[in-house]
Every structure is written in C-alpha cells, then in structure tokens.
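Structure first, commentary second.
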Amino acid sequence: MTLVSGKPIRSKGRQTVPGGDFCPARIAGGGGFGDPAERDPEQVAGDVADGLITRDIAEREYRVALLTDGALDHAATARLRAS
C-alpha cells in the first residue's frame with residue numbers, strides 16, 4: 001500500500017501520514033440488495049436520465065425498456081419482466 005504521494009507504508013501498525021498526503025481507501029462498492037428486476041421501473045428510468053446507469057444496463061439487468069425519449073415503455077418492460 002502507498003500514500004497518494006507514492007510513499008510506501010506498512011500494512012500494519014500505527015503510522016503517521018505527513019500533512020498534505022493521504023492514504024486512499026480502496027473498498028468494495030455498494031452493490032445494493034435484492035433482485036434488480038424488482039426495482040420500480042420509473043426509478044430505473046430516472047437512473048438512466050440522471051446518467052447513473054445506461055439504457056443497456058436498464059434493459060439487461062433491471063429488465064426495463066425505455067422509449068427513444070427516455071420515457072418508460074410499459075408494454076416492453078412487462079414483456080422483459082415476464083420472461
């Protein structure tokens with residue numbers, strides 16, 4: 001492990017980080033919980049509009065179809081979620 005400056009630090013024990021430097025924390029991201037296909041389709045459409053996920057992810061993982069204008073395609077979403 002290294003500080004942002006590139007200076008190595010020990011993996012254990014008390015250490016002092018010089019002012020202006022810091023130790024980056026590399027931790028697992030929040031993967032959420034539950035089946036993505038159970039998320040409210042309108043919220044998924046909002047996630048796409050906000051740039052949090054792509055249209056491809058919305059369809060593949062959340063099984064939510066969107067119209068070209070970004071609005072929820074209710075019929076296509078129902079078909080995706082029925083399969």
Side-chain angles (χ1 to χ4, degrees):
M1 179 177 279
T2 62
L3 298 174
V4 170
S5 65
K7 180 181 174 184
I9 59 174
R10 298 183 310 272
S11 62
K12 297 180 182 178
R14 184 180 177 124
Q15 299 176 65
T16 302
V17 176
D21 207 348
F22 63 95
C23 180
R26 293 184 181 96
I27 58 174
F33 58 92
D35 184 351
E38 292 179 7
R39 180 163 170 79
D40 181 302
E42 292 287 353
Q43 290 182 330
V44 175
D47 291 345
V48 172
D50 291 339
L52 299 174
I53 61 172
T54 64
R55 295 172 71 95
D56 181 56
I57 294 294
E59 188 167 327
R60 188 176 68 237
E61 301 296 329
Y62 293 86
R63 293 185 293 206
V64 171
L66 302 174
L67 299 169
T68 56
D69 66 357
L72 179 63
D73 184 334
H74 293 276
T77 295
R79 286 192 299 274
L80 285 170
R81 290 189 167 196
S83 59

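Linking Ile, Leu, Val, Met, Phe, Trp and Tyr whenever their side-chain heavy atoms come within less than 4.5 Å puts Ile57 and Val64 in one cluster. Residues Phe22 and Leu3 are members of separate hydrophobic clusters, defined by side-chain heavy-atom contacts under 4.5 angstrom among Ile, Leu, Val, Met, Phe, Trp and Tyr.
Scanning all heavy atoms of the two residues, the minimum distance from Pro24 to Thr2 falls at CD-O, 3.6 Å. When every heavy atom of Ala65 is checked against every heavy atom of Ala76, the shortest pair comes out as CB-CB, 3.5 Å. Taking every heavy atom of both residues into account, Arg81 and Arg39 meet most closely at NH2-O, 2.8 Å. In terms of heavy atoms, Leu66 sits closest to Leu72 at CD2-CA, 4.0 Å.
In this structure, the side chain of Asp69 engages the main chain of Ala71 through a donor-acceptor pair within 3.5 Å. Put simply, the side chain of Asp21 gets close to the backbone of Ser5: a donor and an acceptor are under 3.5 Å apart. When atom types are taken as modelled, the side chain of Arg10 and the backbone of Gln15 share no donor-acceptor pair closer than 3.5 angstrom. Proximity of a side-chain donor or acceptor of Arg79 to a complementary backbone N or O of Ser83 within less than 3.5 Å is not detected.
Rounding to the nearest 0.5 Å places CD of Gln43 at 11.5 Å from CG of Leu52.
Between Arg63 and Asp35, the closest side-chain pair of non-hydrogen atoms falls below 4.5 Å. The shortest side-chain heavy-atom distance between Val48 and Ile53 falls under the 4.5 Å cut-off.
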